[in-house]
Structure formats: C-alpha cells, structure tokens
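Worksheet for the structure shown next.
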Amino acid sequence: MEEGHQLRQVRIEKLEQLRQLGVEPYPYAFESDSRTSELIGKFEDFQEPDKGPRHRIAGRIRSFRGKGKVAFAHIDDGYGLLQLYVRKEEVGEDPYKMVKLLDLGDFIGVEGHMFRTRTGEITLHVKSIVLLAKSLRPLPVVKEKVVDGEKVVFDEVHDKELRYRQRYVDLVVNPEVKQVFRTRAAVIDRIRRFLNDREYLEVETPVLQPIYGGAAARPFTTHHNALDRKLYLRISNELYLKRLIVGGLNRVYEFSKDFRNEGIDRTHNPEFTMLEFYQAYADYHEMMDLVEDMLVDAAAAAAPGGNLVFGWRGHDIDLAKPWPRRSMLELIGERAGEEISLPLDKPRLAALCKKHGIEVEPGMSAGKLLDELFGELVEPHLINPTFVTDYPLETSPLAKRHRSKPGLTERFELIIGGAEIANAFSELNDPLDQRGRFEAQMQLRDEGDEEAQVLDDDYLRAMEYGLPPTGGVGIGIDRLVMLLTGMETIKDVILFPQLRGPLKKDV
RNA sequence: GCGCCGUUAGCUCAAUUGGCAGAGCAAGUGACUCUUAAUCACUAGGUUCGGGGUUCGAUUCCCUGACGGCGCACCA
C-alpha cells in the first residue's frame with residue numbers, strides 16, 4: 001500500500017476530524033486496572049454485575065458494530081477479547097462522534113462496569129472512552145463465531161510470508177502465536193531457575209570471536225574496523241565456557257545466540273538459541289540425569305498439570321522418565337540386522353552404507369560412516385526421548401575418550417521425535433590429546449572439509465593449566481520449544497525468522 | 001544448490017477451451033438504542049508479483065527473474 005492508498009488516506013483524514021473535535025489521537029498514557037481475560041473469568045463472582053465496580057482497560061479495537069445511537073465492539077488487550085457496549089446517551093455527544101471515527105486497529109481506553117447482554121455475552125458497559133492511538137493501516141480482518149462451543153474462524157491469515165515478515169500483524173490476528181512465545185519464555189525461565197537452584201552461574205561470553213570453535217559448522221565473518229581484524233560470529237560458546245571451568249567457576253551456563261552459515265529448513269535458522277552448561281567433576285552419565293530432570297521440569301512450563309505427552313511431528317511423545325540410554329553401535333546394529341563390533345571395521349561399514357543406499361566418499365572415516373548409518377537408519381525412528389551414547393572419536397573432537405570402548409567417546413545426544421535436542425560429553429580434558437584432535441581436524445580442513453574445527457591455541461593453553469573432569473551439555477532451545485508447543489517448523493518458534501530478500505511489496 | 005507447487009482488491013478467495021477481472025469481509029455515504037461472521041440500501045476500490053515473448057486478444061500459453069511453501073541435498 002503506497003503512501004496515497006485510499007484506505008490509508010481515509011484514516012489520515014479522520015485524524016484531522018478528530019483534532020477538530022478536540023481529540024488528541026496520540027495521547028501519552030492510560031492507567032488501566034484490568035485484563036480482559038480476568039474480567040471475564042471473574043464475572044460470575046459479582047453479586048450484582050450491573051452495579052459492580054468500575055474497571056479501566058486499554059487495548060486495540062478488533063471488531064465494531066455500530067447500531068445508530070449504540071455500538072458494540074471487541075477490544076483486544078493482548079490477553080483476549082472483551083465486548084464493549086457503548087451508548088451515545090451515556091458517553092455524551094462529542095465522545096460518540098469520536099466513536100464514529102474509530103477504525104479497526106485503533107487503540108482505546110475505556111471505563112465501565114461488567115454485565116451480560118441479552119444474548120449472553122459478558123460485556124463491559126462503557127461509561128467513558130478515550131482514543132489512545134489511531135491506526136492508519138488496515139489490519140487483516142479475521143472474524144470468528146462460536147458454533148456448539150467450537151470456535152470457527154473466518155478469513156484466517158495463513159500466508160506464511162506475511163506472518164513471518166510482518167510478525168506484528170501475525171501476533172494481532174493469530175492469538176495462538178502469542179501463546180507460543182509466552183510458552184517459549186516460560187520454558188527458558190524455568191530452565192534458568194533449574195540451573196540457578198543447582199548453583200550454576202549464568203555468564204556471558206563473546207559473540208564476536210577471533211577464532212570460532214566448539215562445533216562443526218561454517219561461520220559468518222565480519223570485520224572490526226578499529227582493530228582492522230577479521231572476526232567471526234560464534235557458532236558455539238563451548239570453548240569459552242570451559243575456559244571458565246579452568247578458572248574455577250565450577251558450574252556455568254549461557255543461553256547463547258549462535259550463528260551458522262548453513263541452509264535454512266524446518267529445523268535450521270541461521271541464528272538460533274543454544275543453552276550450554278558445564279559442571280566440574282561430572283561425567284556424561286551425571287549429565288544425562290540432569291538433562292532428564294531439567295527437561296521434564298521445563299515441560300511443566302508448557303503443559304501445566306503434569307501432562308508429559310506432547311503431540312509433535314505426527315506422534316504422541318511421552319516425556320515420562322526414565323529415558324532409555326542406548327549405545328549408538330547397539331542401535332545401528334539392531335536396525336542394520338548385524339552386530340557392529342569394535343574396533344570399527346571401515347570396509348565393513350562402507351559395505352553396510354552401500355547396502356542402505358548411502359553414498360560413500362573416499363575420504364570418509366569409519367566414524368563418519370557410522371554417523372551416516374545412524375542418521376539414515378536409526379535417528380528418524382527414535383520418537384520418545386532416547387539418550388544415544390558413545391559416538392565415534394573422529395567426529396567428536398572435544399569429547400573424552402570412552403573409558404572402555406576404544407575408538408569411541410563418552411558423548412551422548414538426546415533424540416526426541418527424530419530430532420536432535422541435546423548433545424553432550426564427558427569433556428576432553430587431556431591437553432595433549434586435545435592438541436592431537438585439533439591437528440586431525442586441521443588435516444581434514446586441509447583436505448577440504450570446511451566444517452572441520454579450527455585449532456585454538458589459547459584454548460589449549462587454558463587446558464594445559466588444568467581442566468578438571470567436566471560434564472557439558474548443549475540444548476537446542478528452539479527445537480525444544482518446537483516440541484513443547486507442537487510447532488512443525490523452527491520459524492514458528494522464532495519471532496523474526498530469517499527470510500530471503502526484502503518485503504516484495506508494500507502491503 | 002536441485003525439483004514440484006504457488007503469487008489476482010487492504011484481507012480470504014473465484015474466474016469455463018485464451019474472449020469485457022468477480023464475490024465475501026474491510027472501506028465510504030445513509031438508516032438503525034442489546035448486536036455479535038449484526039442487518040438493509042447505495043458507492044468506490046486492480047501494474048492479476050516483475051520483465052520479455054506468442055496471439056486480433058494473455059490472470060490463463062512459453063521464456064526469464066523475485067519471493068513463499070513443500071520435498072531433496074547441505075546441516076550437530
């Protein structure tokens with residue numbers, strides 16, 4: 001809608017008419033004392049509703065039905081809709097002229113008492129009304145009615161592009177979107193308390209990093225002018241948090257916005273939120289216990305009442321403890337129908353891959369082949385929470401060698417609904433082993449693997465001062481919220497997901 | 001990056017074999033003092049995503065680009 005569009009022009013003209021009536025279209029504040037949802041909820045408590053107390057409430061006009069000298073409207077205060085009943089006789093001549101100049105989308109403040117209309121709807125009987133902000137652009141008009149107790153919505157806004165690009169519109173017209181983001185905040189709050197209660201310290205580490213690390217991914221790069229230096233947006237905060245363990249902050253965590261220069265799909269957004277937490281003197285077994293407790297606790301923020309069954313990706317997922325802990329080799333062996341034994345036999349794994357239609361490239365290590373088999377044969381079938389343990393050494397350069405299984409590490413991933421929700425290790429704390437692992441990664445990098453990790457000398461120096469045995473976990477918060485809210489795409493749990501290109505037209 | 005599908009009024013959507021681009025809601029004017037997808041009458045509203053082509057004539061067919069969705073690839 002360009003500057004001169006008629007719908008917008010009409011509203012601009014109304015601004016002038018309002019000012020001529022002495023109405024300021026953009027006043028400074030309004031003191032409200034109620035919420036729509038509470039007023040409706042408490043209505044039944046009133047002895048004599050029609051003579052009940054006065055309430056003040058502010059919000060956006062979402063529907064309007066003028067009937068001559070009386071008007072009905074619904075106000076939306078962000079928590080729900082409440083019907084208003086306005087009579088010219090009661091609010092006065094001039095205010096009613098103002099009412100006639102109102103549009104859907106305008107913010108108003110009202111004062112009045114509660115009653116029930118002849119048709120049964122709980123309603124605010126307005127005694128006074130003020131304009132709080134005039135809206136110039138028409139919001140999409142969505143109507144609903146209740147049929148047999150079921151809400152039927154008309155002209156619902158489905159257009160994904162409009163919803164993501166103009167999230168402010170989406171939030172107004174699709175009220176369930178607000179609930180997703182309230183749940184997201186509640187889940188994060190709950191996890192933060194869970195960790196604080198266990199004497200974890202919340203910390204902040206650099207987003208701009210001279211060397212990126214802690215994960216296998218391609219980074220975004222940027223440049224610092226004053227330092228004339230290339231910097232990377234973090235792909236992970238793992239190495240910084242472990243430096244803090246070296247320093248004696250024995251339990252640390254950070255909700256970290258990470259950035260990875262990768263494709264975008266239902267489970268990947270270039271910037272996403274990761275929770276990482278590290279605990280000195282713990283191993284991965286202890287971290288599994290902690291993750292299990294943490295996520296069951298977090299689920300309560302999304303589904304009060306102790307319900308632990310969540311519908312997601314076409315499955316009913318039961319989060320009830322305990323969650324099975326299965327080794328990766330065992331799971332692959334079951335699905336492949338043949339036992340995978342140690343030490344890993346690369347030609348045999350390659351044959352197995354080919355048998356299951358997985359492309360084998362010459363440079364692939366035995367561990368990489370195992371990862372491929374797991375992703376193809378096992379992961380999609382793990383619906384209820386499962387801790388998959390003991391990943392190959394080659395693909396886990398920051399994880400400690402397994403205490404009894406050569407060629408594997410003490411690492412687990414938590415898989416729910418076929419998606420990776422958490423990744424964790426007994427952290428590698430042998431600095432010489434770590435140096436060797438970094439060197440192996442650099443070798444892969446030289447061979448063209450752009451996602452191989454980069455050797456971080458300062459991190460090695462820190463570890464040489466001494467890193468205690470440590471358990472560490474990373475949890476993909478966006479995916480966790482998807483699970484707990486039943487959303488099928490990561491775009492639905494990120495307020496402003498990354499989209500290509502600019503707004504295609506000014507609508 | 002590849003394939004398939006889509007983009008028409010502010011919103012939700014139609015448009016026959018290629019033949020004057022329509023409806024509902026929203027908007028404007030008028031009527032209406034308990035309406036509720038309020039109702040009634042009238043009015044206005046379009047670069048059919050952009051560019052090119054075929055044709056007497058393109059929303060429709062062809063090419064190309066943009067954006068979105070889905071799938072694949074990539075991806076802890």
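By convention in this document, chain letters (A, B, ...) are assigned in the order of the sequence lines, proteins followed by strands, and residues within each chain are numbered from 1. Hydrogens, waters and symmetry mates play no part in the numbers below; they use all other heavy atoms, side chains included. Predicted model only: the values in this text are computed from it and were never measured.
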As a test of reading the structure: which of U12(B), A26(B), C34(B) is closest to the side chain of Val70(A), going by heavy atoms? C34(B)

Nearest to the side chain of Lys143(A), heavy atoms from C-beta on, is which of C34(B), C25(B), G10(B)? C25(B)

Minimum-distance nucleotide to Thr117(A) side chain [options: G68(B), C34(B), A37(B)]: C34(B)

Does Glu359(A), at its CD atom, have more than 12 non-hydrogen atoms belonging to other residues, nucleotides or ligands within less than 6.0 Å? no

Applying a 4.0 Å non-hydrogen cut-off, can you work out what Thr395(A) is touching in the nucleic acid: base, sugar-phosphate, or nothing? base

Report the C-alpha separation of Thr485(A) and Arg184(A) in whole Å, then their side-chain angles, then the decisive distance to 0.1 Å, and conclude whether the side chain to side chain contact (heavy atoms under 4.5 Å, CB included) test is met. CA-CA 8 Å; Thr485(A) 57; Arg184(A) 180 179 173 120; over 6 Å; no

Name the pairing partner of U47(B), where a pair is Watson-Crick or G-U wobble with both distances under 3.5 Å, or state none. none

Could you tell me whether Arg411(A) contacts a base, only the sugar-phosphate backbone, or nothing, with contacts defined as non-hydrogen atoms closer than 4.0 Å? base

Look at the side-chain N and O atoms of Lys67(A) and state whether any lies under 4.0 Å from the OP1 or OP2 oxygen of C34(B). yes

Separation of the P atoms in U39(B) and G3(B), to the nearest angstrom: 49 Å

Between Glu394(A) and Leu370(A), does a side chain to side chain contact (heavy atoms under 4.5 Å, CB included) hold up when you go through it step by step? CA-CA 10 Å; Glu394(A) 301 95 317; Leu370(A) 214 54; over 6 Å; no

Base-pairing mate for A37(B) - Watson-Crick or G-U, with both contacts under 3.5 Å: none

Watson-Crick/G-U partner (both atom distances under 3.5 Å) of G1(B): C72(B)

Now, which nucleotide makes the Watson-Crick or G-U wobble pair with U60(B), with each of the two distances under 3.5 Å? none

Taking the same atom, C1', in A27(B) and in C61(B), what whole-Å distance lies between them? 37 Å

Separation of U12(B) C1' from Lys160(A) NZ (nearest whole Å): 17 Å

Between G46(B) and C5(B) - C1' atom distance, rounded Å: 25 Å

Any chance you could lay out the side chain to side chain contact (heavy atoms under 4.5 Å, CB included) test for Arg437(A) and Leu393(A), step after step, and finish with the verdict? CA-CA 9 Å; Arg437(A) 306 268 201 105; Leu393(A) 191 73; 3.4 Å; yes

Are any of Arg65(A)'s side-chain N or O atoms less than 4.0 Å away from OP1 or OP2 of C34(B)? no

Taking the side chain of His158(A) as heavy atoms from C-beta outward, which of U35(B), G68(B), U12(B) is closest to it? U12(B)

When you compare G51(B) with U8(B), how far apart are their P atoms, in angstrom units rounded to a whole number? 16 Å

Quick check for you: among G68(B), C70(B), C34(B), whose closest atom lies nearest to any side-chain atom of Phe115(A)? C34(B)

Return the 5'-most residue of the pair Glu121(A), Asp159(A) with respect to RNA chain B, ranking by each residue's nearest nucleotide. Asp159(A)

Verdict with supporting geometry, His268(A) and Ile490(A), side chain to side chain contact (heavy atoms under 4.5 Å, CB included): CA-CA 7 Å; His268(A) 294 83; Ile490(A) 200 168; 5.9 Å; no

Parallel, tilted or perpendicular, judged at 30° and 60°: which one describes the rings of Tyr85(A) and His125(A)? perpendicular

Distance between the P atoms of A23(B) and C42(B), in whole angstroms? 13 Å

My understanding is that a pair needs two contacts under 3.5 Å, Watson-Crick or G-U wobble. By that rule, which nucleotide pairs with U17(B)? none

Please confirm whether the shortest side-chain N or O distance from Arg11(A) to OP1 or OP2 of G10(B) is below 4.0 Å. no

Rounded to whole Å, the CG-C1' distance (Asn269(A) to C74(B)) equals 16 Å

N/O donor-acceptor pair under 3.5 Å between Thr36(A) side chain and Gly80(A) backbone: yes

Rounded to whole Å, the CZ-C1' distance (Phe64(A) to A38(B)) equals 12 Å

Taking CG from Asp155(A) and C1' from G10(B), how many angstroms apart are they, rounded to a whole number? 12 Å

Heavy atoms from C-beta onward define the side chain here; which of C34(B), G68(B), C11(B) lies closest to that of Leu499(A)? G68(B)

What is the distance from CD of Gln498(A) to P of C67(B), rounded to the nearest Å? 12 Å

So if I take every side-chain heavy atom of Glu262(A) and compare against C75(B), U35(B), A37(B), which nucleotide ends up nearest? C75(B)

Let's test your reading of the model: under 3.5 Å, does the base of U12(B) pair with the side chain of Glu156(A) as donor and acceptor? no

What's the closest nucleotide to the side chain of Glu451(A) if the choices are C75(B), U12(B), A26(B)? C75(B)

Nearest-angstrom distance from the residue atom CD1 of Ile235(A) to C1' of C74(B): 16 Å

Using Watson-Crick geometry (N1-N3 plus N6-O4 or O6-N4) or G-U wobble (N1-O2, O6-N3), each under 3.5 Å, C25(B) is paired with G10(B)

Taking the C1' atom of each, how far is G18(B) from U54(B), in whole Å? 12 Å

Return the orientation label for the Tyr284(A) and His402(A) ring planes: parallel under 30°, perpendicular over 60°, tilted otherwise. perpendicular

What's Glu89(A) touching, base or sugar-phosphate or nothing? Going by heavy atoms closer than 4.0 Å. base

Can you tabulate the close N/O pairs, meaning under 3.5 Å, that link protein atoms to atoms of nucleotides 28-31 of chain B?
from   : atom 1 : to       : atom 2 : distance (Å)
G28(B) : OP1    : Lys14(A) : NZ     : 2.4

Would you mind reading off the distance between His5(A) atom NE2 and G10(B) atom C1', rounded to a whole angstrom? 6 Å

So for Asp265(A) and C74(B), does any side-chain atom that can act as donor or acceptor lie under 3.5 Å from a complementary atom in the base? yes

At under 4.0 Å, does any side-chain N or O of Arg500(A) touch on OP1 or OP2 of G68(B)? yes

Quick check on salt bridge (Lys or Arg N to Asp or Glu O under 4.0 Å): which of Lys242(A), Arg411(A), Arg401(A) does Glu427(A) satisfy it with? Lys242(A)

Say we look at G69(B) and A31(B): how far apart would their P atoms be, to the nearest angstrom? 48 Å

Can you tell me if Ser63(A) uses its side chain to pair, donor with acceptor, with the backbone of His74(A) under 3.5 Å? yes

Quick one: Leu104(A) CG to G10(B) P, roughly how many Å, whole number? 16 Å

NA contact type, Arg260(A), heavy-atom cut-off 4.0 Å: base, sugar-phosphate, or nothing? sugar-phosphate

Approximate separation, where rounding is to 0.5 Å, of Glu330(A) CD and Arg335(A) CZ: 13.0 Å

Whole-Å P distance, G22(B) and C62(B): 25 Å

